[in-house]
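Data first, discussion second: the structure below is written as structure tokens.
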Amino acid sequence: MGTALIYDDEMTNYKLLWVDSICNIEVPERLTVCYEALMRTGLADRCVSIPVREATDADILLVHSEEYLEAVKKTPYMTLAELMEFTLQYGDVYFHPNIYHCAKLAAGAALQLVDSVMTGAVRTGMALVRPPGHHSMRSAANGFCVFNNVAIAARYARQKYGLERVLIVDWDIHHGQGVQYCFEDDPSVLYFSWHRYEHQKFWPNLRESDYDTVGKEKGAGFNINVPWNRVGMRNSDYLSVFFHILLPVAYEFCPDLVLVCAGFDSAIGDPEGEMCASPDIFAHLTHLLMNLAGGKLCAVLEGGYNLTSLPQSVCQTVQTLLGDPAPPPGSLEGPCRSALESLHCVRSAHKPYWSCLKYAADLPTSESSSKHDKLAEETKDKAEKETVKEEKVWPEPQKRVCPPVRAALILPDNVTCPAGCQRFSSTEGLDPATISKLREKFSKDGENNSSLTTLPSLVALVDKMENHEIYSGLALVQDVSMAMTCTVQHAAALFQRVLIVCVGDMVEQKPGTEDGKTLLVQFSGNISDKPIGKYHVPVCLKKGCGDVSGFMHAVLSLLLPLGYEYDPNLVLLVRMPGCGIWDSVWQQLTGLLQGLAQGHTLILMQEEEKPCFVPTVSCLLGNAAPSLASLCAPLPEDTEEVEKLRYHLQADWKLLQTTAPEPQ
Ligand code: Q9C
Ligand code: ZN
């Protein structure tokens, strides 16, 4: 299942024709540098190229008024003076004789993308378009936008394919107020946007861009605004919002399709956003959305004005859509105070609407914390005005590792190896001393235990993952506990950090150490005999792993933040027999964890679990997990357990925080 790339250089054929210091950043080169970067890196060739089309009047009228469409239709015949005059009635936008044509192509490109994904021609895709769309309103151009490409695409997808729920993720650094207005009272379209806000001091300076605009009437709860009240937000701030707001809500919403307003003015170096997130963060943002809606994701370009970080970010997004594992998230320092304040406000505003947020903290009734923020801000603003804006520099994203073998499987002889994988039983290159040591260690009672036979292969597989010869692996073993103990021992000697995710109860002693070489997260129905520690996180769920909502909540808001902050070199995912996890949940877990350790996931399963082995392998190969049904409320006990753990651990793991510490 491929990835579509939709582009036509006709969309570079319009530009600003007069002097305007606000609009001069929206240039044709924005598109050409992106396309050239995709060509140069070979990414374009790996995509399915789909032609653009013009959106029809009927398409455009899904969102815009007839009067507005008729007015825009006249612009190709206007003189320069008339164009300038026409432009004046709107905010921060310019017209050109060819912009109407390009705007029809931009909207049409979004619709072509929706069609390609919905008909199954591809699984995902990206449309590189100009003009952008998310600021344009029913009867107004705004913020470089003429027609609202993504809003039109959402209505079109709902109508043509009978979709019930569409999620729009707007990671552009501006608020897509046009999208918000379009779907404000519509519960079938969930709109999420983060945006530079600075307490309404930043464009478009709207009161309704704040966290407390949550949607109206039936649509209450289906509009999520995350205002950034400071510039300089970093990777940790963005990821925190994904882990603690967007992903839990998105999984509860259960979309049939995900549309991304993919603006890259939220990346470092952008003159509009002034944020500090690195271009490779978009690999993770993309990856984290790719297991929703069965992987049906359409990214449509919006903003992005730094001609270096824009193409880098686009390449990261497209490479992730193509299924290449994400780069290491690097060291994340945790969210800043201002981001935590925003996070807290948003979670509390949306508590009434989403059961995953039911236990979110209320806003403090006193004005203490906001006062503190205002004070700090005034001091900071003064300091900022005195310093000259200096050019940001950042390293070019590293070339992502792409080992030749995607998934290697250690299987009993009677199990056939699925297509696209490599059967692995090689012990070549293994030190015989290592093997005999293993045998000594694990053969109890001196008997020649037949479950020992896979151990040398496991060790060899771990070696090849360390060499980047193989991405990921799966072993069907006779004794999962023994295999785990053995693998952990070997991997901890080889890798700096190993994340062990254990689903179900362990029979033998717990693997791992307290020195940070391993981090163990264990999900089970029983209370752990070992206490919670920085590197030992037992998650006790009421129904074990059998409650979908409780388990997913724990994965999204506990396991993922821990995993990202820990930044392992290997993820060991262990499925204990009888753990009771649903196959679709197990697949989600497998898919999500592949964002870590550059895709180096090693899965251990007991031989009897053969039925779920093919679906698991499919996820290792980069296929999306099937969509979970709309999640109901997690059991209160489970939410409490996750909250308790987050509270215990947030001093050690900053990505678990959701509220700002009390000011001293
Ligand atoms: N410096 C998009 O990114 N000008 N539009 C703001 C404040 C308008 C951005 C002026 C920016 C529009 C799609
Ligand atoms: Zn923008």
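Just follow the structure's listing: the first ligand is 1, and inside any ligand the first atom is 1.
The aromatic rings of Tyr90 and Phe95 lie tilted to each other, with the angle between the two planes from 30° to 60°. Aromatic ring pairs are classed by plane angle as parallel below 30°, tilted from 30° to 60° and perpendicular above 60°; the pair Tyr14 and Tyr94 is tilted. In this pair, Trp171 and Phe282 present their aromatic rings tilted. The plane angle is within the 30 to 60° band. Aromatic ring pairs are classed by plane angle as parallel below 30°, tilted from 30° to 60° and perpendicular above 60°; the pair Phe147 and Tyr100 is perpendicular. A parallel orientation is assigned to the rings of Tyr35 and Tyr7, their planes being inclined by less than 30° (bins at 30° and 60°).
Glu272 OE2, 3.1 Å is the protein heavy atom nearest to atom 1 (N) of ligand 1. For atom 13 (C) of ligand 1, the closest non-hydrogen atom on the protein side is Tyr305 OH, 3.5 Å. Atom 5 (N) of ligand 1 has its closest protein heavy atom at Gly143 O, 3.1 Å.
Separating the OG1 atom in Thr3 from the CG atom in Leu322 is a distance of 4.0 Å, to the nearest 0.5 Å.
Under a cutoff of 6.0 Å and an axis angle of 45°, Arg138 and Tyr181 do not form a cation-pi pair.
For ligand 1 and Asp92, the ligand atoms under 4.0 Å from any heavy atom of the residue are 4 (N), 6 (C), 8 (C), 10 (C). Applying the 4.0 Å criterion to heavy atoms of Asp265 picks out, from ligand 1, the atoms 3 (O). When each atom of ligand 1 is checked for a heavy atom of Pro132 under 4.0 Å away, the hits are 13 (C). Near Asp172, with a cut-off below 4.0 Å to any heavy atom, the atoms of ligand 1 are 3 (O). Close contacts of ligand 1 with Ile22, meaning ligand atoms under 4.0 Å from a residue heavy atom, involve 4 (N). Every atom of ligand 1 with a heavy atom of His134 under 4.0 Å away is listed here by number and element: 13 (C).
Not a single N or O atom of Glu302, backbone or side chain, sits closer than 3.5 Å to an N or O atom of ligand 1. For ligand 1, the polar-atom distance check against Phe144 finds no nitrogen or oxygen pair separated by under 3.5 Å. Checked against a 3.5 angstrom limit, the closest N/O atoms of Trp203 and ligand 1 fall outside it.
Between Tyr191 and Phe183, the ring center distance fails the sub-6.0 Å criterion.
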Any chance you could lay out the salt bridge (Lys or Arg N to Asp or Glu O under 4.0 Å) test for Glu341 and Arg337, step after step, and finish with the verdict? CA-CA 6 Å; Glu341 276 163 3; Arg337 164 178 278 275; 3.2 Å; yes
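Under 2.8 Å from the Zn ion (ligand 2), one finds the following protein N/O/S atoms: Asp172 OD1, Asp172 OD2, His174 ND1, Asp265 OD2.
Comment: Arg196 does not engage Asp265 in a salt bridge, judged by the lack of any side-chain N to carboxylate O separation of less than 4.0 angstrom. Salt-bridge formation is detected for the pair Lys160/Asp115: a Lys NZ or Arg NE/NH1/NH2 atom is positioned less than 4.0 Å from an Asp or Glu carboxylate oxygen.
For the salt bridge (charged side-chain N to carboxylate O under 4.0 Å, His left out) with Arg130, the qualifying choice from Glu10, Glu26, Glu302, Glu29 is Glu26, the only one to do so.
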